Colleague: 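Input: one structure, supplied below.
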Amino acid sequence: MLEARLDTANLFKSAVDAIKDLVQDCNFDCNDSGIALQAMDNSHVALVSMMLKAEAFSPFRCDRNIALGVNLTSLTKVLRAAGRDDTLTLKAEDAPDVLNLVFEATAQDRISEYDLKLMDIDQEHLGIPDTEYAATISMPSAEFKRITTDLMAMSESVTIEATKDGVKFSSTGDIGNGSITLRQHTPVDKPNETVEIELSEPVALTFSLKYLTNFCKAQPLSNQVKLCLSAEVPLMVEYGLEGGSYLRFYLAPKIGD
Amino acid sequence: SSQQSRIEGFFKVQ
């Protein structure tokens, strides 16, 4: 059986909130290392990969592999009933029909309990190869959100170009064009505002802004976001969580001219 | 103009 308790429901609420508009039905794959999720969006352009490691929970117990087939819209309805600071406990039997969720507000001695019906989901699992990316950009997640929102007003696509001089986001549309360039920036007193660019070779790729703005719904999960690019492979956008847990998005590039 | 590629073109189905 599965039993996984989070000190605050916040993490799980925000993670589900971040992906619910991109993927609808997906399996939460539970085993002794934690809870993992992989799912493609309907048009098979983007892929979500989430890993909540066992260490993120206290306690965490899962003796065998359990797949929890969940409709995220339904899960969102249940999670809406959880206070951000409530403790959250997820429980399921070995071959479960339901996912049991318990929210506890310890200060108020209030306990709420929900059973969410599960479904059989037969999903393709994609193998994501280990990639040495040509460019890895770490930047404030709020800045990334601002850039994608601002450029969305100009065009449906953005070209991300990483060079030794910095990273440039540029868009061309019917009304004109726009760009934002960020240079490496490491303020000693404000680590959350750091922009770091690790570059093995210059790279430029074009992506759909519709998906990038969607990924930015994960912004509350982490102050920093990591963008990993290599020529002609999907962009990886990573929101790192405490203890090595993560929420990653992969986005297939736009190709040709 | 540029064409949107699909994710399965890069990551193989397991």
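Lettering of chains follows the sequences in order, A, B, ..., and the numbering in each one begins at 1. As the structure is a prediction and not an experimental result, all values here were calculated from the model. We use all heavy atoms of the structure for the numbers below, so side chains are in, but hydrogens, waters and symmetry mates are not.
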Colleague: Surrounding CD of A:Glu93 (heavy atoms of other residues, nucleotides or ligands, distance under 6.0 Å), is the total greater than 12?
Modeller: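 Incorrect, the count does not exceed 12.
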Colleague: Return the minimal non-hydrogen interatomic distance between A:Val45 and B:Ser5, and the atom names on each side.
Modeller: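 Nearest pair, atom of A:Val45 first, then B:Ser5: CG2-O, 4.0 Å.
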Colleague: Looking only at heavy atoms, which of residues 124-135 of chain A get nearer than 4.5 Å to chain B?
Modeller: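 So the qualifying residues are A:Glu124, A:His125, A:Leu126, A:Gly127, A:Ile128, A:Pro129.
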Colleague: Flag yes if more than 12 heavy atoms outside A:Lys217 fall under 6.0 Å of its NZ atom; otherwise flag no.
Modeller: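 Check passes, neighbour count above 12.
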Colleague: Which pairs, with at least one residue in residues 156-177 of chain A and sequence neighbours excluded, count as a side-chain hydrogen bond (donor to acceptor under 3.5 Å, both in side chains)?
Modeller: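 Found A:Ser157-A:Lys254, A:Thr159-A:Thr206.
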Colleague: To the nearest 0.5 Å, how far apart are NZ in A:Lys210 and CD in B:Gln4?
Modeller: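 Here the rounded value is 8.5 Å.
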Colleague: Nearest 0.5 Å please: distance from the OG atom of B:Ser2 over to the CZ atom of A:Phe207.
Modeller: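 Those atoms lie 11.0 Å apart.
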